Structures are given as C-alpha cells and as structure tokens.
Amino acid sequence: MKLELRGITKRFGSLVANDHIDLVVEPGEIHCLLGENGAGKSTLMNVLYGLYQAEEGDILLDDSVQHFEGPGDAMRAGIGMVHQHFMLIPVFTVAENVMLGHEETKAGGRLNLDAARARVREISARFGFDVDPDALVGDLPVGIQQRVEIIKALSRDASVLVFDEPTAVLTPQETDELMTIMRQLKSEGTSIVFITHKLREVREVADRITVVRLGKIVGEASPTASNSELAALMVGRNVELTVHKEPARPGAASLVVEHLDVIDANGIKVVNDVSFEVHEGEILAIAGVQGNGQTELTEAILGIQPRTNGSISLNGTRLNGQSVKKVLNAGVGFVPEDRTHDGLVGEFTIAENLMLDRSDQQPFVKGGTLQLKALNDFAEEKKREFDIRAESITTHAGRLSGGNQQKVVLARELSRELKLFVASQPTRGIDVGSIEFVHKRMVETRDAGVPVIVVSTELDEVVALADRIAVMYRGSIVGIVPGDTPRDVLGLMMAGETGVAA
Amino acid sequence: MEETLTITFRKAAASSLAGVGLVALLAGCGSAPSSDNTSGGAAASDFLPCIVSDAGGFDDKSFNQSSYEGLVEAADTLGVEPKDVQSDKEDDYAPNITNLVDQGCGLIVTVGFALADATKAAAEENTDVDFVMLDDNSIDLENVKPVVYDTAQAAFLAGYTAAAYSKTGVVGTFGGSQFPTVTIFMDGFADGVAYFNEQKSKDVKVVGWDVKGQTGSFTGGFEANDTAKQLANALIDQNADVLLPVGGPIFLSAIEAVKDSGKDIAMIGVDADLYETAAADNGLFLTSILKQMKSGVTDIVEAAGKGDFDATPYVGTLENDGVGIAPFHDYESKVPADLQGELDTIKAGIIDGSITVESPSSPSTK
Amino acid sequence: MSDNNQQNTPAPGAAPEPAAASASASAPASASAPASSPAPQPAAAPAPKPDTEAPRSNKILNEILGGSFLISILAVLLALIAGAILIAATNEDVQTASGYFFSRPGDTLGAIWQAVSGAYSALFQGSVYNFRRDSFADGIKPLTETLTFATPLIAAGLGVGLAFRVGLFNIGGRGQMLIAAACAGWVGFSFQLPAPLHITLAVLAGIAGGAIWGGLVGFLKARTGAHEVILTIMLNYVAFYLISYMLRTPGLLQAPGSPNPKSPPMAETAVFPALFGSKYNLHLGFILVIVATALVWYLLNRSSLGFRFRAVGENPNAAKVAGIDVKNTYVYAMLFSGGLVGLAGVSQVLGTVTGGFSGGIDAGIGFDAITVALLGRSKPIGIFFAGILFGAFKAGGFSMQAAEGVPVDIVVVVQSLIVLFIAAPPLVRAIFFLPKPGGRARRVLPNVSKEVAAK
Amino acid sequence: MSVTTPNTPHETVDPVDDGLEKAVVKKWKAPIAFAIFVIISALLFFVARRDGVTELRLSAENDAIKLPSIEAPVMATGIVVVILLALMTAGAFWLANQAKRIPLWLTAVFGIVFMYGFLTWAGADKSIPITGLLLGSVALSAPLIFGALGGVISERVGVVNVAIEGQLLAGAFLSAFVASITRNPFAGLLAAIVAGVLVSFVLAAFAIKYLVDQVIVGVVLNVLVAGLTSFLYSTVLSSNTEAFNTPPRLPRIPIPLLSDIPILGRVLFDQTIIIYLMYIAIALVFYGLFFTKWGLRLRAVGEHPQAADTVGIRVNSTRFWNVSIAGAIAGLGGAYFTLGSVGGFTKEMTAGAGFIALAAVIFGRWDPIRATLAALLFGFATNLQNTLGAIGSGVPSEFLLMLPYLVTIFAVAGLVGQVRGPAASGKPYIKS
C-alpha cells in the first residue's frame, strides 16, 4: 500500500511539533525517518496512527484521503505500529495482548483464546519466532516483547508498518534479526516506516531516508551517504561523533562490590553474585540490554534496594545496609535512569531541584530554615555553569526539555564533593548538543580522579566513554573487558555468551 | 472520544431537565386560587413559640418529634405560626437558640440534655425570653422550665407486663446509643421483669441489657438500619418473644426483624403509643411505654401563650400521668386476665413509694 | 510563596528548541508534568509574563478571564444559583404558586424571589452584618460568629491541607478531633492552675492527642504499607466509640453526678478568653489559628522539613533517590496533620462549647476541613480564607434556617458544589461562555493519588 | 556499518525455567499472626476461663430439616481448640521456614477453628444461633458487597471510586422515594440503579473530562450527595412520610429445595430478590472481568490505557461507561438499605458503608471474589458483635461496636499491607 502524508502540521499549545510535513512511502519500501530526539518523528507517526489529530494536512493511503479518529481507524485502514515504548499490558498473556481490540468470542461472550493462540503460533511460524502464547508479557525479555508487538500488528493484516525506534532495547544480534524481519516483510509487500536516530541502522536497511529536524523535513538522503553527512543533516551543524578523552590514569580501587545479590519484591534474584571494582579516575561502563539487572545494581549502590546480600564498599566503608542519605553523604553522586520519575520533582523550580538531596545541609538550610539567598546564588551560578536553558531559576523543572532536565540533575550531583559518580542512561532521550555536554562533564569528572560508573544500553555511548566495560546479562556480569573491545564481541556478551570474553 | 463524552453528558443532562420540565408543566396546569387570603386563623398574637431539636431532628420518631407535635398543636390552638430549627451537630445548639431569639421568639423549647448548656447561656443572656428545657433539670433560672420524665416507672410496668406475657421465658431489649435517656427504659424494664420473677417465683430472663453491669446491646446510633434489624434478630435468636427497642426509629428495624422471623413476637413501644402511630404494623404492639411529652409541651406552651409561664420544674411520673403504659389493644385477650389488676396495684405501690424504681439514669429530684 | 508564579503559556522565548522536544517526546507519557503548575491563591492575581507573541492587551484580558480568581468567583456564583434552585423548588409557597403557573405566572416568580432572596439575605445577615440591629456593635456580631466558626475549620483545614501537600489523604479528622478534644478537655476540667499555664497545657495536650492519633496512621502506613484512607476512616469509628465509652463512664470523662454522656464544664482558667468581650463569642482560638496559619506557611515554604514534605508529596520516587526518608516523612506529616486537626478539637472544647462536651464535639469539622483544604488549594493562606468563607456559610446557615426554615443541609450542598466547580475551570468557562486560556490545563487541586512503590 | 556476527537465531528463554534465580524468601507475617491467635485463645480458655456447656444451634425452629444442636463443654473444647491451633501454627512456621506459601485452606481452617473456639468460650452456658449469625452476616454484608463490586469495576478500569458511599446513599434515597410513590419495590430498584449511575456520571465527568483528582471528586461527591439527600429528606420526604417515604419492602422468595439445605439454605436461598441479584452480580462481574471481551478491555484500560488506545479501544468512553456500570451496581446496594432491609430513608443512613466497601476492594485486591469475602468478613464481625451483645458478654457495648473496625485495621495493616492495584488507577488519561 502506498502511504502519503501531505502538509501535516501538529501543534501543542504554541509549540509546532510538525510543520507542514510531506512524506511518501511506496509499497514494499523501507522508508527511514531520521532525526534527533525530539525532532518530531514520533509525533508525526502518532498522527499517522490516529493517536493525535493533525491541525492541518492529509493522510492518503493508495491516494485516497483518510480520516482517523483514533488508532482503531488507522488499524482498519491497514496501518500497524511497533511502538518505542511497548504498548503491551504486562499482566496479560501474549495471546490476550494480541487479541486485545479485535477479540473473537464464543458463546456466552467468552473470549476465544484458542483462536488467538492459533494466530500467535501461525505468525510466529511465518517469521521463525518462538513465542509462547500463554506466557505473561511482563515475564518476557524485551526482545521477545518486541516480537509480540510485531505479531500484534501483523495479526491485523497491517500493510503499512511503522517501527518507532525499535532497536533501543535490543542487543546488536537482535537488531540484526530485526533487520532481517524487516526485509522479509518488505519482500511480502509491506511498506515500512522506520524511525530512528541511529545512523548505522539507517544506512543498513533503508531504501530512502528522510531527515527531520525541529519539526520540519530538512532533506532526503540516500543510504550511501556517510555517517557524518547524515549527522550534519540531522543536527544542522557538523557534529563530533567521538568523545575526546585522554587515556585513563586509574588510581586505587575505590568502589569494591563483592558477591552482590539483589532480591526484588517477588523474591527474584535480579542481580546475582556480582563482583567488580572501580578505580579512581576511570570510567567503568556497564553495558547490557535493558532489564538485565543494571538498574537494580545501581539502585543497590545507592541504597534503595532493600534486600541485598554481599557487600558494596566505598574506600573501605560499607555502603549496603545504609540509608540513601548516608550513601549520598559518603560522596556518591547519582544520576537515575528515569530523570522525570526519580531524578527531579517536576513541580519544583530549578533552584529547588538543585538542593533536593541536600535539604538539611548548609549552605541551603540553617537552623531548619531554607536560605533562599544562598540557594538562588547557587542556582544562578549552576545555571550558567551547566548552560541550563530556562527562563529563570524559578522555572519549574517539569517544563524543561529532556536535555536541560538532565543538566539540572548533573549540576546537582556534580556540585558535591564526590567519591563516586554513578550515571544511569545519562543521555537517554536528549538532544545531541546535550549529549556532547554530558559526555564532556563525565570525562572531566573522571579526570578529576573520581571513579565513574556509567550504565548504558547504547553501545555507541559505552564504547565512547568506557575505560573498562562490564557486560551484564540476566543479573550477572558476563565479563569485564577493556574499553576498546570490538562491538561484535560486546554484542555476543550482551546476549549472554561468556566464552568470548577471554 | 471527547465528543462522545460531551454528547453523553449533554444528553443525560437534557433528558433529566426534560423530565423536570414535564413535571412542572403537568403541575402548572392548575387554576389560581380565587382570592388572596391573608393568613387565616384566629387572633394574630404577638406570642411566637419556637423549638430547637437536638441532633436527632424532628422526625426522630421519639422525643424531638413528640415535642414538636406538642408545640404545633399548641400553636394551632393559639393561632400562631411557630418557628422550628433542627440541630445537626454539637456546635449548632447555641447559634440555633441565638438565632431564634433574634427572630423574636417569646418561648423557646429546647429538646434534649445536650442543649442544656446552650439553653442556660441563652436564658441568662435573654431574661425576657422563656425557655422550656426538655429532658434535663440541671438549670435553675427564673425563665427556664425544666421538664423531665421518670420513665423508669412506666418501663417497670412494661417489664412486668412483658414477663407476664412471655411464653418462652425470655424477653429482650436493645437501645440506640448508651445514653441515660435510653437506658432508663431498659433499667425500668429489667427491674419490672425482676419484680415479676420475685413475685411469681419465675425465672424470666432479660437479654440485651444487664442492669448491674450496665452493659448490653446497642446499635451505635439512632438509624433504622440493618444493624438494628440484625440486633433484633440476635435477640430473637436468643428466644426472646417480647422486644423493647429503645431509641427513635430503630423500632422500625425491629418490626421487620419480627416479621421476618415468622414467630409470634410481641413488641413494646416507647415514647408514644405506637399502636396508634405505627399504622400498618400496630398489631405487633403489646403495649407502649408512654412519655407524655407531646401533651406536656402543648400544655406548657398554651399556658405560656396565655401569659402563664412558670419555671417550676416538672417531673413526669406515674402519679401525675406524665409517664404510663398504653392499653394492650389487640393483646387484651392474650395477656393473663388478672394482669391489669396486678399492674394497677404495682402502679399504686410505685406512687406511694412502697415499690421503689430506681435507675442510675433517673432524673435527680431536687 | 516561592511556587505561585503561574505560567499560563509555556515559557516563550526561552529555549524554543528544547521546548519543542519535550512536548513531542513526553506529551503522552507524562502529561501531568507540564500540565500541573500549581495555581496561585484565589485572591492573588497572577503576575503577567512578558509575551512576545500575543498583544499585551489580549494577554491581560486572557489572564482576567482565564484567571483562577474569576473562576473562583463564578464557581461560588454557580453554586449559589444551584442552591437557589433547590430552595425555590422545595419551597411550599413556590410549589403552591406553581400549581397555577399558567394562570398567574407572576405568583410563582414572586414566590421564587421571596424564597431565594429571603434565604440568601438571611444567610448574609447571619454571617456578615445584621441590618436589623441598631448599633454597629450589635450589627457586626454575625461577622464575629463567622470567624468563630471559621476557627476550627481553618485549623483542621490546615491539617488536611498539609497532608495533601505530602501526598496523603487524611479523612481521619473526626477521630483526631475527638481524641484531641478529650485530651484538652480532660486537662481543662481536671486541674486548677493559673489561667495562662492552664490554657497552654490544655492546648498542648489536645494538639498532642490529635498528633498521636494522626501519627498512628502515619506509623502504620510507613510500617505496613496500609492505605491511609482506610486507616483514618476506621480510626474515626474507633475514636468515636472510645470517647463515647469514656464519656459515660464515671471517673473517666463523665461529669460527676450526672448520668449523661457528657464531660464536666471546663475550668474558668482553661477557657479561651473572648477577644472582644463577652458580648461576642470570638475567642483566643482565632488568634491561635492565625498563628498556626503563619507557622504552616513557614513550615511549608521556608523550612527544610517542609521542603521535604513537598518533595515527597510531588514526587516520592525522586525524594527517595535524593536521600529523603519517605516513610519517616509520612509519619512526621501525619503527626503535624493530626496536631493541626487536634487544634480544631481544642478550639471546640476550650472556645466554642466550653460547658462540657459529648461524643459529637467534632461537629463534622473533620470532614468539612477536607473541602476547606481543597478550596484553599492546600495552601495556608488559601485555607485561611476558605475557612472564613465556610465559617460564614455555617453561621449564616443557622439564621437561614431560623428565619426562612431552609434546612442547613443546603449549605453543605452549596459548599461541595463550590469545590467541584472550582476543581473544573473548563466547566465553569463553558457555562459562562468564557474563552479558553492560552495555556494548557492546570492542576488546581492537589494530587493525592500518588503512591511510592514499596521498596 | 559492517557488523558481521553469525546470525544465530536468538534462543528464546523461558522465563520460568531458564529465568532468574528465585531467592529463598521466608515470610513470617502469617505464622506470627497465627501465633498471636493461639495466644489469644489460650488466654481466653485458661486465664479468663469459663466453665459450663455452650449450645451451638445449627437450625432454627421453622427449618425444614433440623439439625441437632452441638453441646460443647467449654473447657474440653478449649483444650482441643488450642491444641489444634497450635499444631496448625507449627505447620505454618514449618512452611514459612521452607519458604513456602501458607495455603489459603489452612488459613480458612485456622479461622474456622478459632471462631468455633471463641464462640464456645463466649457463649458459655448460653446458646449461639449459628444460622442467625450467618444470616445476619449476609444481610449486613449485602450493601458492602454491592459497593465493593462497584469499586472493583471502577478501579479496574482506572477510576478510583471513593464515591461508593455517595452512590449507596443516592440509591437508598431514590429507591425509597420512587418505590413509595409507585408503591412498587421493583420500580424502586430501577430508581436505585439510576441514582447510582447519576452519581457516577458526575464522578466520570469530573475525573475523565475535567481531569480533577479522582479521590477528591469522590470525597466531594459523598459530601454533595449527603447534603442533597438530607436537604430533600427534610424538605420533601418528611413533609409527607406516608406518600414519599414508606417504600414497600421486597418480598422474600425462598428457592424451593435449596432453601431447605441445613444451615446454609436459609442463609443463602431464602432471601429477597436483591440478594439473588447480588449473587448474579458477583458471578457476572467475576466471569465478565476475566473471561469476556468486556473484561479484557476494561482491565487493559485500567492497566495500560495507552496500550489500549493504540489498539483502538476508546479509553475515556470505556472508563465512562464502566464507571457508570459500577455506579449502577453500587446504587443497587443502596436500595438494599430501603427496600431489602428496613424500609424508609433516613439522613445519612449508609453511615460509612461505602468506605467499608472501599476497604473491602483494597483488602480483596481488586478481585470480585476476594472483595466479596472481605465484605463478608466485615459483616460477620458486625453481626458477631450483635450476638455477643445479645447473649450478654459483659463487654461495654462501645468496645463491641469497635470490633468490625479493629478487624479491618488488623486485616489491612497486618495481613494485606501494601497491595498493588490496577497500574493506571487514579491516573487520568490525557492524549495530547
């Protein structure tokens, strides 16, 4: 089916997220939509999928104008979508998720689960998936969850399939498999829109590339274009693709983790017998696919995981079993992976967020009373130092862009006397300018002699920053390798293969 | 989606409005009254009688209601339009009384011990207004007439009656909340049963109230709710065949429990003769413990309306017929033949003091 | 207050490019974040922001029409209209006259006017100024009554509002007030002490009682994760039955020599002195709630503890990651909340009903306080004025009943409608055909449905 | 780029077999609770000892099939009960030490044995009517069950329903009024449904359309309905009680045969239509929620509204209509107050039943069956209090009246603790 978007404009209040966007996707074509985080790609696809209604413009399928009131209309018209954040209900089984929205029923209104199971098996067989229709989605690894998403779209006979940042949660091997699937779909005549900001993938799979920046289409590129050409087009200026850093000069082992287990609320060992050291003045990157225990590991260091075995010690002081407050006071700086959820209070001003983890300490508090003057001076200084782009320090943190929010978190954490710095997904969902800034600050922190742990699912980031890389798989560390380890080796390790680490 | 929602609301709103409109339309088709009648009735008196309820409200099927009816009756006789205000909460009493004073009330009836403090304060401040204080005799002021009832005396007779009537040898009682105005009935009732046992060497048991320990069955409030009904059921399950529910409308719940049980169970009413007022189910009432509040209030208000207010405390007793028990009505034939005679003797004994009926909750006689 | 700079339009000029990013990236997932700038006090006009896109005059007009002050006024108006409809519809004269509406419609309209204007003028005369009195000193008495009724409402409202700010919903006002009243009352009638000392001790005892009863909820929530809504409701009943038992048991709270479930009167030395002489009922309690309002303002906006309270209330997860002990914060918050609600109980026994109290001494204030806190948007100053408004309704309600026979329940209806309308500015705007404000929907009421994960 | 890794098919890992290791977690909460009850019963029987014989009556006089009463000697029963309880507690500790779950049946048996012992102790030399105790429990639970079912539906679809109290009260009011006017209790039932739905409309409108915090709308609605019904009661109903507030009661309809089953027959199958409707409602809600398209969509919307939206389910209208259904069920519960039980509306007659129902929803973990059981527990505690009062326990009435509330606190704080509700409950769904 041929898909055409004509002059799509979508506004949020006074913000123009999509500005007169035109796009044509021919049948059996993989059309790549390339752009930075926040360029408006997802908004455009949500318009296409009927989730948002555009203020202006038309959607045409095979040259007839469509009107989508909701995703139901879009699906009926043959559009399917594999969402960046999976649209799956974790407490439902695979079959239930797949049937949701177009359920078949038997007598008495009883759900026909057998039909749904059969459908799941049939599509799985077609693409060589191995998906148990009765597994609870919440128990499945993300890679499998994504296949469920694909099955969901295909079970509705989608002839235009949108993949929204599908590789963010996949190992390199899984990414390759996905590319294969996409080609297979294409060969069956499905039109594919592939949204990403990863240049590598674009060049590998795309038939055509459209680049979006700040809500507008800034150009088309051919798959043969070079990385730096594509990056420049995407960002609007020449971009440094690598992080400049001197070789590490590691000092003494500072953070020592020995035989650490973390047990979650369901009694599952989400971190299993993990041991490693981080030295002063080095960056240890923890690589791995989302959900392999990295989050829980960093949370255990901070003290918000209540049940741990083993020990975590910083310069000889035991950290686990201590309150979060004590850990922070021991000099641990922490950037949580979900900054709006765990890092910031959206309703607080930038200034208030900057004192969040020192709410009872000089110079912000004296005698139980907030020292607003000191706080304001501090905030003004940090706003300048970290280039936080906001109207003023009284702007609410929730109103900032992702990049500026992350700068607020960094400003707060890096303004303390640090003995250890832990950053989880420090650049997730932020613009290239901010990514560069964040990376620079992290290397500076390392160079100041602070041990740094960075957890990232992006291999690019891991490779760019790390002095050493620990790869986690299903709660355990598969191996700790030097920072210049080849990507394919890392990829295998991320899939749990231990032998390659040697 | 938004659209559907809006439409739904509008539809719902529109249809309910239409309904209201329709009713109005139908109702509006009557014809206008022929002439402007300026308030009919007798002599336009300046006397303005007023009443404040306690938190029970004027439809409590108990003392608030009787007092209110008494006031209305007196006002009708006097040809005046009374004012009434209800209290919902404890801090309503004082402002309610003050506001009635503001409205120019000449006599204010305050119902229930809870209003005593507020009444006293208002009476001290407004010496030109007369007050009738029901169910409390703690105030000693020129312009306050305390009115209390020694209902234990009447309840004693009812207890004796119940014991004499009971075939199972078990009689039951329960109350709303454990207030003295409630337990005074239960005390007298239990004492009456005990007196019967003593006289006749019988062992009729009272369930739901223990005089000595002052513990028993209460619903925790004065609502005719399911808790009250189940409590009545619990007593019926203890084999009681006479029930005395004390406390406003909870007798309604007891009626339902009795009817559901399918057993032959007699009930005893309180305050008014429920045979007269509980229309549909009056066949259930063996007798009622009368607390003649209605006529008491009527008399006092009428007297005050004629300029005859005196602050002498009034204590309703068997002697002055302020309390008593109602006729057996339908049960006339079912009670022992000599019961009425025995009751008369006991009544005389209580009046002359040879039988003492005492309850911790009896009004103290000054 | 540091957090009342409301922004109706997303910060213009500043960082246009990242702003676009945040909108498209996070709009569906976390719409609450940008949509929930706390609104200013009803009385405080929002400060106009520089705006480069729209003409300034439009902007100002927009602020006035879309402003929360106007919405508040209109909400009150709407609620009063709804109340008027109820009053008219249930008025006997109106019913009689409407029976022949089509033959003489004037009668019906006249009767409606009579019923409604009579009721509302009684409401006004009972709560603000009574024109039938000769002297100003007498005429103004209703206003002092309003303030007297407002006193416990403000205190309890502050307590409930404080809990809201920490993300807790304290429906346990009734129980906390009862326990506080019992504690303060017991100190008030059992001892003979010099007045200032006696009052101080009684007040402290009451606040402590309320704080303990509230803190118990915080403790159970922190320890077991039980939901505070259930706990507070259940503890209301437990407190009520406990106090009822003590009130009818000689030697505990019952007045000696009386069979009634009622406490002895407070000793003279424990009674709050009247502020303007014995002619008026307004007592020291009102000064205490002014002080309490100021203290709560300081606590929330200027103190380190209040900072943590707000942080936990707005985002318990971020607070936890920032080293704030969320569970302890819940306990502290419930202690403070219970203590403030306790002050309402104290004000009842030592100020309003000093002749001894019974089991209904809370007078439903614990529940009214919820609506007061909501109307005041959980901010101390707002709660103060909301409490006075509700105090006026309460005071006026009595005169409305006495003069016109309108049941006081109408006041409850009007009050709850005010809160509902204020909570939904779009509805009010739609009813009055007002334009939409430029900004996105603002959250005007505290969000209490947040929970921190059990970790 | 040129990643040339061998394209080995990724092995699907079965989360259970190859999954993460299960840590050995020992949970001591339940055995400790068991132990507390053993101590309580030991104290009762051996410290506050009572002698004599307790009669536990299993049938009433007019039952078709009569069972003999159980004559239980208090001391002997006490010894047996304490031993049994102690054995079960030991078993529970053993299970906990093995990091195994305490099976539900063990808890149930434990509860029954404890209750048997307690009743024997409390009723020394008296007789305890078991049928009456259960009958009353069902009656007292009925409005709570309706309320809780309404709560379960509403919260499962993502709208926190604090307004159950208001729905019950509105249902009670309108059913009394309509049934009185029409002299037809079935018209009253219908009116109760309408009343509940109307309250739900307001809840839904404010929560879904105007995005007001759902807890707050609920609370304010309760106040509004209480005020409105009280006002109308004072002005309309009590002006002419005969015409407006004497609803005819629903008749009891014994189901042939079933109602003759000993003990439970009369408790369950000799009831008014409203109780039968309750059975149907419990069954329908359970079946509907977990086995039908309606339930699947409803739960999806409550768990992950965005996911539901992306498969074409209209989130807000799904919420709107299901909140309305919830209101209808809760409203029906309101009718029980006026048509099923006593007759006649009085001010604020629901007296907090809606909040108890809310507690049952949470205690029952948003499951219709468990919530029903929680409501039954509360009803049982309330009626146990009635029975104890009637047999003369010597405990001040106020403390007996506290019993159900203390039981709820114990259940919620001691047994349940933090529970996970539907993920999106309480959160408005905003698309753009």
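Chain letters run A, B, ... following the sequence lines, proteins first, then strands; residues in each count from 1. Predicted, not measured: the structure shown is a model, and the values here were computed from it.
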Grab the two heavy atoms, one from [X] and one from [Y], that are nearest each other, plus how far apart they are.
{"X": "D:Gly227", "Y": "C:Val412", "result": "CA-CG1, 3.9 Å"}
{"X": "C:Val238", "Y": "D:Met402", "result": "O-CE, 3.6 Å"}
{"X": "D:Val212", "Y": "C:Ala423", "result": "CG2-O, 3.3 Å"}

Query - Pairs meeting criterion ring-ring contact (aromatic ring centres under 6.0 Å, His included) with involvement of residues 218-242 of chain D, two or more places apart - result: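 Pairs touching residues 218-242 of chain D that pass the test: D:Tyr233-D:Phe345.
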Which answer fits [X], side chain, backbone, both or neither, if we ask what part of it has an atom under 4.5 Å from a heavy atom of chain D?
{"X": "C:Leu420", "value": "both"}
{"X": "C:Val406", "value": "side chain"}
{"X": "C:Ile410", "value": "both"}
{"X": "C:Arg223", "value": "neither"}

**Report entry** Segment of D:Val236 engaging chain C (4.5 angstrom heavy-atom cut-off)
**Finding:**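 Contact with chain C involves the side chain of D:Val236 alone.
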Report task. Name the region of D:Val219, side chain, backbone, both or neither, that has any atom closer than 4.5 Å to a heavy atom of chain C. Result ->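 Only the side chain of D:Val219 comes within 4.5 Å of chain C.
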Heavy-atom pairs under 4.5 Å with chain D - which of [options] has more of them than the others?
{"options": "C:Gln95, C:Glu92, C:Arg248, C:Gln415", "result": "C:Arg248"}
{"options": "C:Leu86, C:Ile370, C:Thr371, C:Leu220", "result": "C:Leu86"}
{"options": "C:Ile171, C:Asp368, C:Ile230", "result": "C:Ile230"}

Side-chain polar contacts of residues 349-358 of chain D - donor-acceptor pairs under 3.5 angstrom, sequence neighbours left out - could you list them?
residue, atom, partner, partner atom, Å
D:Thr350, OG1, D:Glu165, OE2, 3.0

Report task. Can you spot which of D:Val223, D:Asn222, D:Leu228, D:Leu221 makes a side-chain contact (heavy atoms from CB on, under 4.5 Å) with C:Ser416? Result ->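 Checked D:Val223, D:Asn222, D:Leu228, D:Leu221 against C:Ser416; only one passes side-chain contact (heavy atoms from CB on, under 4.5 Å): D:Val223.
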Reported [atom1]-to-[atom2] distance for the pair [X] and [Y], which is rounded to 0.5 angstrom:
{"X": "D:Phe378", "Y": "C:Met234", "atom1": "CZ", "atom2": "CE", "answer": "6.0 Å"}
{"X": "D:Thr408", "Y": "C:Leu231", "atom1": "OG1", "atom2": "CG", "answer": "10.5 Å"}
{"X": "C:Phe421", "Y": "D:Phe206", "atom1": "CZ", "atom2": "CZ", "answer": "6.0 Å"}
{"X": "C:Asn91", "Y": "D:Thr235", "atom1": "CG", "atom2": "OG1", "answer": "10.0 Å"}
{"X": "C:Leu417", "Y": "D:Leu224", "atom1": "CG", "atom2": "CG", "answer": "5.0 Å"}
{"X": "C:Tyr237", "Y": "D:Leu403", "atom1": "OH", "atom2": "CG", "answer": "15.0 Å"}

Requested in this report: Could you label the plane-to-plane angle of the D:Phe399 and C:Tyr245 rings as parallel, tilted or perpendicular, counting under 30° as parallel and over 60° as perpendicular?
Outcome: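 It falls in the perpendicular class, over 60°.
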Any [X] side-chain heavy atom under 4.5 Å of [Y] side chain:
{"X": "D:Lys209", "Y": "C:Pro426", "answer": "no"}
{"X": "C:Val229", "Y": "D:Ile362", "answer": "no"}
{"X": "D:Lys347", "Y": "C:Asp409", "answer": "yes"}

Requested in this report: Just give me the residue among D:Ser239, D:Ser230, D:Ser234, D:Ser397 that pairs up with chain C most often, heavy atom to heavy atom, under 4.5 Å.
Outcome: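 Looking at each option in turn, the highest pair count goes to D:Ser230.
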Query raised in the report: Does the pair C:Met246 and D:Glu398 meet the rule for a side chain to side chain contact (heavy atoms under 4.5 Å, CB included), with working shown?
Result: CA-CA 10 Å; C:Met246 292 168 81; D:Glu398 287 86 356; over 6 Å; no
